[in-house]
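Input: a single structure, listed below in C-alpha cells.
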Amino acid sequence: MLEYINKIKEISTKLLEEKKVDMIVGFRKGSLPMMNEPCFAKNTEDIQSFVWDSNCGINLANYLTNRKEKIGIVAKGCDSRNIVTHIIENKINRDQLTIIGVPCKGMIDRKMISDMFDSEITEVTENNGKITVKGNGFDKTLEKTEVLQENCAICIHRNPVIYDELVAKEVEEQKDVDRYEDVRNIEAMSPEDKWKTFDDLLKTCIRCYACRNACPLCYCPTCFVDEAKPQWVGKSQDPTDTRTFHFLRAFHCAGRCTDCGACVRACPMGINVRAFTKKLEKDCFELFNWEAGLSIEERPPLDTFKPGDPDEFIK
Amino acid sequence: MEHMGVEPDRIQFSWISSAESTKFVNVVNEVTKTIKALGPNKNFVKRPVEETVSKVA
C-alpha cells in the first residue's frame with residue numbers, strides 16, 4: 001500500500017507541476033476509521049494528504065459529472081468502468097481526463113467489521129493483507145480476504161480498464177467466481193416469497209437517498225423522487241413509495257451498473273441495495289452478453305437495436 | 001417486476017399493428033382472462049384490498 005500511495009503522489013505532483021490537469025481527485029483520511037473521503041487536490045500541498053488503503057470504496061467517477069476543467073483521477077477497476085460509462089454518456093470528455101489507474105484487491109466492509117465489536121473502533125491499520133482493529137478494550141487482527149465488501153469478493157475487473165498511468169503492476173483477476181448466487185436464490189422463490197424478501201430488505205429504509213447520491217450513475221439534474229410537478233412517487237416512508245424508489249432507481253441503472261458497491265457502502269441502515277441492481281446486471285450479462293463500462297467504443301444494449309435481441313416476452 | 005414478486009402473468013407485453021384488430025381483441029380477452037384468474041393485485045397498492053372492500057360495504 002505504501003508503494004501505491006507514493007506512486008500516486010509522485011504521478012499527481014508531476015501532473016500538477018506540468019499543468020496537465022487543474023486538479024486531482026483522490027482520497028484522504030476521513031474523520032473516522034475506515035471512512036476515507038474524496039479529496040480534490042489543486043496544488044502539490046493538497047497532494048500530501050492523499051492516502052491509499054482498503055477504505056477507498058467511494059466511487060470517484062461520481063465527482064466528474066459535467067466538470068469543465070482538466071482532471072486527474074485516481075481510479076480502481078470499478079471507478080474506471082464508471083469513468084467509461086460517463087464518457088459514453090457524454091458526462092465528461094476523455095481528453096479532459098488523466099486517469100491514474102490503481103490495481104485493486106478489494107475494499108473492506110466497514111459495517112461487517114463494526115458489527116464484530118461491541119464498542120467503538122478507534123483505529124484500523126493494515127499490513128500485508130492483515131487488518132488490525134483497535135478500540136477500547138480490544139485489539140484484533142483479521143484477514144483482509146475475510147472482511148471484503150461483498151461486491152469486491154466477487155469482482156472480476158480489479159484492474160482499471162482505462163488509464164493513462166498505472167501505479168503498480170496489474171493484479172491477478174479472480175477466476176471461477178460465482179457472481180450471481182444471491183440473485184439465483186431469489187429467482188428460485190415463489191412470487192410471495194420474493195415480495196416478502198424485498199419487503200424485509202427495505203423495512204429499515206429511511207429514504208435518505210444516500211445510495212442515490214453516492215452512485216455515479218445517478219446524475220440527473222432533478223431526480224424523479226425530488227420532482228413535485230408531476231409528483232411521480234410519494235415522499236413518505238410508505239412501503240409502496242420506498243419500493244418504487246429503489247425499484248425505479250435500479251431500472252435507471254440497467255446496463256450501466258458496474259456493481260461498484262457505492263450504494264451499499266453509503267447506506268446508513270446497512271441495506272443491501274445491490275439486491276435490486278444486481279438482477280438487472282445479471283440479465284444484461286445473460287441476455288446481451290454485456291458488462292457495463294468495459295469499452296468506450298461499444299454502445300450499451302439499451303441504446304442500440306440488434307435484430308437478434310431477445311424478444312420472447314412480447315406476445 | 002417478476003423478480004420483485006409481481007406474479008408472472010400480471011404484466012404482459014404485446015406488439016399489435018393498428019391493422020391487426022383480431023389480434024388486438026384476442027390479446028385483450030386473453031389478458032383479461034389471466035388477470036381475472038389471478039384475482040385483485042395485493043402488492044404495490046397503498047391500501048390493502050380487504051380494507052377498501054370493507055369500507056365500501
Which atoms of A:T244 are under 4.5 Å from chain B, going by heavy atoms: the side chain, the backbone, both sets, or neither?
both
Residues 9-22 of chain B vs chain A, non-hydrogen distance cutoff under 4.5 Å, contacting residues -> B:Q12, B:F13, B:S14, B:W15
Flag yes if more than 12 heavy atoms outside A:K91 fall under 6.0 Å of its NZ atom; otherwise flag no.
yes
Turns out that what part of A:F313 lies under 4.5 Å from chain B's heavy atoms comes down to both
Per-residue tally against chain B (heavy atom, under 4.5 Å) across A:D199, A:D241, A:T197 peaks at A:D241
Got more than 12 heavy atoms from elsewhere within 6.0 Å of NZ, B:K33?
no
When you look at NZ of A:K235, are more than 12 heavy atoms from neighbouring residues, nucleotides or ligands closer to it than 6.0 Å?
yes
Please confirm whether the ring centroid of B:H3 lies under 6.0 Å from the ring centroid of A:F198.
yes
For B:M4, run the side-chain contact (heavy atoms from CB on, under 4.5 Å) check against A:R243, A:K279, A:H246, A:K194 and tell me which one passes.
A:R243
